[in-house]
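One-based numbering, in listed order, for ligands and for the atoms of each. Residue numbers count from 1 along this sequence. Values in this document were obtained by computation on a predicted structure and should not be read as measured data. All heavy atoms count here, side chains included; hydrogens, waters and symmetry mates do not.
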Amino acid sequence: MKSEDDPRSENGWSRREFGQILAGLGVATGTAFGGWGILELVRPKGRATSWRKSVCRFCGVGCGVRLGLNNGVITEVRGDEEAHNKGVICIKGAMLGALPSLIGRALKPKIRKAGKLVEATWEEAMSLVANRFSDSIREFGPDSVAFYGSGQLYSEETYTANKLFKAGIGTNNVDGNPRLCMASAAVGYVQTFGNDEPPGALEDIDHAHCFFIIGANPYECHPSIFERIMQRKRSHPNTVLICVDPRRTSTADRCDLHLPLKPGTDLLLLNAMMHVIVEDRLYDRDFIDEHVRFSDGEDTVDFQALESFLRDYTPEDISPRVGLSAEIVRRTAHLFARSKGTVSLWTMGINQRVQGVHLNNTINSLHLVTGQICRPGATPLSLTGQANACGGVRDTGGLAHLLPAGRVVANEKHRREVEELWGVPRGTISPTPGLDAVNLFRAMEDGRVRATLVMCTNPAQSLPAAGRYRKAMERCFLVVAEAFEDSETARFADVLLPAALWVEKEGVFGQTDRRYQLVEKVLDPPGEARSDLEILVDLAIRLRHGDLITARTPETVWDEWRKFSETSAYNFKGITYDRLQKNRGLQWPCPNESHPGTVRRYVGGDDPLVSSGKRIEFYGQPDRRAVVYLRRYQESPEQTDDEFPFILTTGRVLEQWHTATITGRIPELQMASGPARFEFNDQDAQRMDIQDGTRLEVRSRYGTVEGAAVVTGRPRKGTIFAAFYDTKLLLNIAVADNYDAVSKQPEYKITAVSVRKTGGQ
Ligand SMILES: Nc1nc2c(c(=O)[nH]1)N[C@H]1C(S)=C(S)[C@@H](COP(=O)(O)OP(=O)(O)OC[C@H]3O[C@@H](n4cnc5c(=O)[nH]c(N)nc54)[C@H](O)[C@@H]3O)O[C@H]1N2
Ligand SMILES: Nc1nc2c(c(=O)[nH]1)N[C@H]1C(S)=C(S)[C@@H](COP(=O)(O)OP(=O)(O)OC[C@H]3O[C@@H](n4cnc5c(=O)[nH]c(N)nc54)[C@H](O)[C@@H]3O)O[C@H]1N2
Ligand code: SF4
Ligand SMILES: [Mo]
């Protein structure tokens, strides 16, 4: 839909201008990161007369940017030298200035009448929404309605939605796209340390001697972090970069060691690394004695239990199953354990797996056993995906099983505490955890959930097994708050609410390393678009929960949430709007307004929550010890067979953001990425006589999609890769929806498929 011949992509650019842009992109995407700056020059719009600080709204790095303004238009975007990214931004960040003027914005509310979406007033639209929600709650109970949100909403917005649904309406059916993204990392941290969010920080990159990058492609997905890694490598050439990915990605190209393992076998590799660490005595006995407890998942066990558990994971035994030599496994374990500081970085190749939680546990464990933690340059640093998945959703508890600031629905004490903080009667919050993403859409299918507010996410394209859930959406009264009127999900809307985006509204983003930053309002929203917070407040009042939702502006909501955090390990009481206006972000814990924020958690002298006199204290656990779990490998349910001989793995490309509702309209980005294609290994391509452009039908147990091939030689043999941004391909129709039993995060990375040539190029 968003191809070069799509009028939306033109934006009045001449052929000659495209030529210039492409020349710029050749530099940008091909080689040096320095080249990215060139892109800032390709869209001259006149001179800036004033500058405002802001934050990129795309990935979880949360780069600081400076916006040049002239007459209500963003004329220039630059990386902010004073922010943590030290002026580095990627091409998506460089294109931020285009956002407010993109065509296709939703400008007026719309209501479905006789099958068609027709314009309506806000009053008509919101009273219809409130009536349908009220009717459903009255007739079928509070659990017949739901909120499906996003790691791209501001913290104030998710906090308000969570409070309205859990304490007002009385349902825990509050979930969102972070379930698809960060759930395994969050559960992994909680199980290991007793608290969510990373112990370390981006600053650790500047001190590391070894980077263990597993299931992540930061060159394309967290570019300014990858540039920071390369800066470390340039200044300290002995720094070792290891990449574990079944594809030779642009990240792997720049690493010293690439381990192209078979998709889905990482836990075999990690356990074998642990085996080598124990066998070769590379562990840190003192650190273990002081700070670590071992567990088999049920009971506390001793070090001998770990040793005997690891007998099944010798590098030689696992080698054929993982598809790596025993030698490279041993070498990796030695590099990891013996470096003066190892930073692990991982994202969706680990989280989006049926053993996502166990994989997260085991990465944390490798750091604990080797003592590669709680000192500069040594830390397990899970990279977050969206700009506000951490602060906005994990911290505010905007998921079906969570309550704010590390509390959980299933714990009665936690429910009582939250009820008290929110001033609602005991027993208001339902003791039943709500529906996670996949199960929420399954409940629409069979009519258990009858009305849903979808806000700032595009599930019709981003959910796995999307064909099934698109049908389910047809059966539900779907309210979609969206910035663009033609997103895939907008097609299923019964009511479409036009939303303000990014600097058209105000709010806080919380990124990867517990860093909160304020995005200030710089422009007015177009047409009749409103902020998501305004929409939620309006809904609350109409549903007669106005006395619960009394904070109604971003800053007052923030102040309420800030106070709420004070009684928890997520304490950020000291992070006020005033400070965030002056600063380029602050890291919590930050208990009072004179506290500078915490870079390294659990470290005495840095983290204010560590007991005085302690050098390191894992205070999240009752015995103050972090837990090393013995986690057995299990095969993915998606295995190849004669019918489905390939593994399809999925992900992203540098220039496109998720479902491309935004980036697909920016010609520079659209032209750079082109349409999404199925990437093949040379041997597979040769065997099947597949060339660049060969048309294919890719079929799985979930659905069939059609697209073109490209022979990049990057995926390992038997594996094909495709990105999910392209609405013409709608890849997720074919992607499996198996999920981790604990985190409920779907396994987007592993689907067994068949490949058939359909003829034509
Ligand atoms: N350009 C761009 N950047 C983004 C985004 C975007 O849409 N576009 N989205 C943001 C978001 S929300 C997220 S969550 C992150 C995602 O960031 P990443 O996780 O880095 O990106 P992905 O491409 O989803 O997947 C990463 C890698 O996992 C590999 N992989 C697949 N299966 C396996 C496996 O079994 N084991 C291992 N070890 N690796 C495997 C894939 O080959 C892929 O290279 O990116 C963020 N940044
Ligand atoms: N195959 C495959 N599928 C995947 C993944 C994968 O790796 N492989 N990764 C998964 C992951 S990690 C993620 S995070 C999801 C992301 O999936 P989605 O969240 O569905 O993707 P986005 O395109 O970011 O959708 C955000 C929507 O919000 C709209 N929007 C932007 N700003 C605002 C705003 O301020 N307010 C409102 N109301 N709307 C706004 C945008 O126009 C866009 O349509 O995809 C998941 N799907
Ligand atoms: S690295 Fe991420 S946050 Fe930084 S400019 Fe690029 S997309 Fe934006
Ligand atoms: Mo994500």
Please determine if [X] has a nitrogen or oxygen closer than 3.5 Å to a nitrogen or oxygen of ligand 1.
X      : result
Pro218 : no
Phe721 : no
Arg247 : yes
Thr265 : no
Cys221 : yes
Asn217 : yes
Asp266 : yes
Glu655 : no
Gly651 : no

Of the protein's non-hydrogen atoms, which lies at the shortest distance from [atom], and what is that distance?
atom                    : result
atom 22 (P) of ligand 2 : His658 CB, 3.5 Å
atom 30 (N) of ligand 1 : Pro246 CD, 3.8 Å
atom 13 (C) of ligand 1 : Gly385 CA, 3.3 Å

Part of Ser462 within contact of ligand 2 (heavy atoms, under 4.0 Å): both

Does Asn732 approach ligand 2 within less than 4.0 angstrom via side chain, backbone, both or neither, non-hydrogen atoms only? side chain

Taking only heavy atoms of [X] into account, list the atoms of ligand 2 that are under 4.0 Å away from them.
X      : result
Lys749 : 7 (O)
Asp532 : 34 (C), 35 (O), 36 (N), 37 (C), 38 (N)
Trp657 : 24 (O)
Phe484 : 42 (O)
Arg57  : 31 (C), 32 (N)
Cys181 : 12 (S), 14 (S)
Asn458 : 18 (P), 19 (O), 20 (O), 25 (O), 44 (O)
Leu501 : 32 (N), 35 (O)

Heavy atoms only: which of [options] is nearest to [atom]?
atom                    : options                : value
atom 41 (C) of ligand 1 : Asp245, Ile213, Leu648 : Asp245
atom 10 (C) of ligand 2 : Met348, Gln656, Gln352 : Gln352
atom 38 (N) of ligand 2 : Ala183, Cys59, Ala481  : Ala481
atom 39 (N) of ligand 2 : Ala106, Cys456, Gly151 : Cys456

Taking N or O atoms only and a 3.5 Å limit, does [X] qualify as a polar contact for ligand 2?
X      : answer
Thr650 : yes
Gln386 : no
Ala500 : yes

Under 6.0 Å from the NZ atom of Lys717, do we count more than 12 heavy atoms belonging to anything else shown? no

Please state which part of [X] comes within less than 4.0 Å of ligand 1, counting heavy atoms only: side chain, backbone, both or neither.
X      : answer
Thr347 : both
Val653 : backbone
Lys92  : side chain

Parallel, tilted or perpendicular: which fits the ring planes of [X] and [Y], with parallel below 30° and perpendicular above 60°?
X      : Y      : answer
Tyr148 : Phe441 : perpendicular
Tyr154 : Phe509 : tilted
Phe646 : Phe680 : perpendicular

Output yes when a side-chain donor or acceptor of [X] lies under 3.5 Å from a complementary backbone atom of [Y], and no otherwise.
X      : Y      : answer
Gln355 : Gln634 : yes
Glu488 : Ala460 : no
Gln517 : Gly62  : yes
Thr659 : Tyr725 : no

So is [X] close enough to ligand 2, meaning a heavy atom under 4.0 angstrom away?
X      : result
Lys505 : yes
Ser150 : no
Tyr725 : no
Arg652 : yes

Using the side chain to side chain contact (heavy atoms under 4.5 Å, CB included) definition, which of the options Leu99, Leu669, Leu96 pairs with Ile662? Leu99

Return yes when Arg353 approaches ligand 1 closer than 4.0 angstrom through a heavy atom, no otherwise. yes

Cation-pi geometry met for Arg105 and Phe484 (6.0 Å, 45°): yes

